[in-house]
Amino acid sequence: MSSVRTAPRSPSRAHPRPRRLGPGDRLFLTVVVGIPLIALLVFVWLPALASIGLSFTSWDGIGLSGIHWVGLDNYHQILTNYPPFWPAVQHNVIWLLFTALLPAPFGVFLAYQLDRKIRFTRIYQTAIFMPMVLSLAVVGFMWEIIYNPDNGLLNGVIGAVSSGRHIDWLGDPDLNLWAVLVASGWRHAGYIMILYLAGLKGFDPALKEAAALDGANGRQTFLRVVLPAMKPVNIIVLVVTVMESLRAFDIVYVLGGGTGSKPGMELLSLLITDNIIGESSHIGYGSALAVILLLVSLAAIGAFLFQTFRKEDQ
């Protein structure tokens with residue numbers, strides 16, 4: 001009988017040896033990871049830490065020898081003896097509530113309607129998102145023309161209806177903040193629409209079909225099925241809305257004539273700019289305002305995230 005020869009077994013590939021990184025791979029990882037990390041430290045974390053440190057000092061920005069430690073005196077002066085501060089806080093809160101209650105939900109509504117595969121949806125998406133492509137400074141110049149009290153579009157329309165009636169939209173302290181909010185909300189709604197529309201594209205359509213079989217209409221399906229399932233996107237929308245509201249600067253600076261103390265248009269971001277790079281530099285004062293704005297932002301976002309994840313754990 002002839003013996004049957006078996007082929008030699010190949011070495012096991014269950015646990016291959018990890019490939020060592022060559023000099024080129026190490027250089028690539030260093031560039032890809034190192035440069036963004038250094039940029040983050042230099043342009044974000046170091047200025048933030050420096051602002052916190054400088055908020056406890058008095059400095060005119062000329063020479064490091066002019067830095068003097070004052071402790072909590074800047075914060076005490078801001079809270080008790082700085083007239084524009086509390087109106088600016090009030091206006092920031094109004095800005096946040098307005099953006100969260102009108103442009104953000106309207107952007108979600110637009111995203112839900114465009115996700116229903118209506119005709120010309122691509123054209124609508126482009127038209128609504130177009131303001132987001134423009135910078136806030138450009139948007140401010142556009143709305144400045146619209147709000148012009150002499151020959152602006154808005155007063156032209158009002159004058160055609162009610163002859164001889166002209167409103168100074170940006171000069172009236174009772175109206176200028178709301179006029180800026182409309183201009184900012186026009187841009188913000190398109191941003192929220194794109195964020196939510198991207199989330200809806202990944203939504204499982206089987207959940208909608210199941211809700212329809214259970215007798216739910218479109219509104220009930222959205223509120224009870226789609227909205228809870230879009231929780232990650234909801235968190236992103238909220239964070240973006242809070243950050244956009246509290247750091248509002250460009251459009252207000254343009255429409256307000258480049259000042260942070262114009263009656264009716266005071267905002268914390270503008271007060272920070274006026275104190276740091278204004279005619280009389282108060283770096284410590286401006287840094288203290290920046291720290292207050294940072295704490296307000298973290299408190300607003302942290303409170304929502306805490307409540308959201310607490311409900312999820314329960």
Side-chain angles (χ1 to χ4, degrees), residues 11-57 59 61-64 67 107 111 122 125-126 129-140 187-188 190-203 230-251 253-254 268-269 272-273 276-277 281 283-284 286-302 304-305 308-309:
S12 175
R13 292 187 177 180
H15 302 285
R17 292 182 179 181
R19 186 174 68 88
R20 293 184 178 180
L21 296 178
D25 297 328
R26 294 175 183 174
L27 178 61
F28 176 78
L29 289 177
T30 301
V31 172
V32 171
V33 178
I35 293 180
L37 182 59
I38 293 174
L40 182 65
L41 291 174
V42 172
F43 296 108
V44 178
W45 287 107
L46 288 181
L49 295 175
S51 296
I52 295 174
L54 290 172
S55 67
F56 300 102
T57 66
W59 185 34
I62 303 175
L64 298 179
I67 300 177
R122 297 292 183 185
Q125 290 180 31
T126 304
F129 186 70
M130 186 62 69
M132 196 61 206
V133 179
L134 306 175
S135 69
L136 278 170
V138 174
V139 173
R187 183 178 185 268
H188 187 72
Y191 188 26
I192 299 300
M193 179 205 69
I194 289 297
L195 289 176
Y196 220 82
L197 190 60
L200 289 173
K201 294 301 182 183
F203 186 79
M230 298 284 290
K231 180 179 177 180
V233 181
N234 295 335
I235 294 176
I236 294 175
V237 167
L238 176 85
V239 172
V240 168
T241 299
V242 172
M243 297 306 297
E244 288 288 328
S245 302
L246 296 179
R247 73 178 184 88
F249 172 79
D250 312 54
I251 191 169
Y253 191 82
V254 172
L268 290 176
S269 59
I272 294 170
T273 304
I276 292 180
I277 62 174
S281 296
I283 307 298
S287 298
L289 287 167
V291 172
I292 293 175
L293 180 59
L294 174 64
L295 293 177
V296 172
S297 304
L298 293 177
I301 296 174
F304 175 81
L305 294 179
T308 300
F309 290 111

Enumerate, atom names and distances included, each donor-acceptor pair closer than 3.5 Å involving a side-chain atom of residues 43-56, sequence neighbours excluded.
unit_1 : atom_1 : unit_2 : atom_2 : d
Ser51  : OG     : Pro47  : O      : 2.9
Ser55  : OG     : Ile52  : O      : 2.6
Ser55  : OG     : Tyr75  : OH     : 2.8

Between CZ on residue Arg187 and CG on residue Asp250, distance to nearest 0.5 Å: 8.0 Å
Residues that Phe249 engages under ring pair (Phe, Tyr, Trp, His ring centres under 6.0 Å), provided they are two or more places apart: Tyr253
Side chains of Leu293 and Leu246 in contact at under 4.5 Å (non-hydrogen atoms): yes
Shortest non-hydrogen contact between Ile251 and Val139, atoms and distance: CD1-CG1, 3.9 Å
Between CG on residue Leu40 and CD1 on residue Ile35, distance to nearest 0.5 Å: 13.5 Å
Point-to-point distance, once rounded to the nearest 0.5 Å, from NE2 of His188 to OG of Ser245: 6.0 Å
Atom of Met230, atom of Gly199 and distance for their closest heavy-atom approach: CE-C, 3.4 Å
Minimum-distance pair of heavy atoms, taken over all atoms of Tyr196 and Ala111: CB-CB, 3.8 Å
Distance in Å, Met132 CE paired with Ile192 CD1, rounded so as to fall on 0.5 Å steps: 8.5 Å
Donor-acceptor under 3.5 Å (Ser269 side chain, Ala248 main chain): yes
Among Val240, Asn234, Thr241, side chain to side chain contact (heavy atoms under 4.5 Å, CB included) partner for Val237: Thr241
Interatomic distance, Leu195 atom CG to Leu200 atom CG [nearest 0.5 angstrom]: 11.0 Å
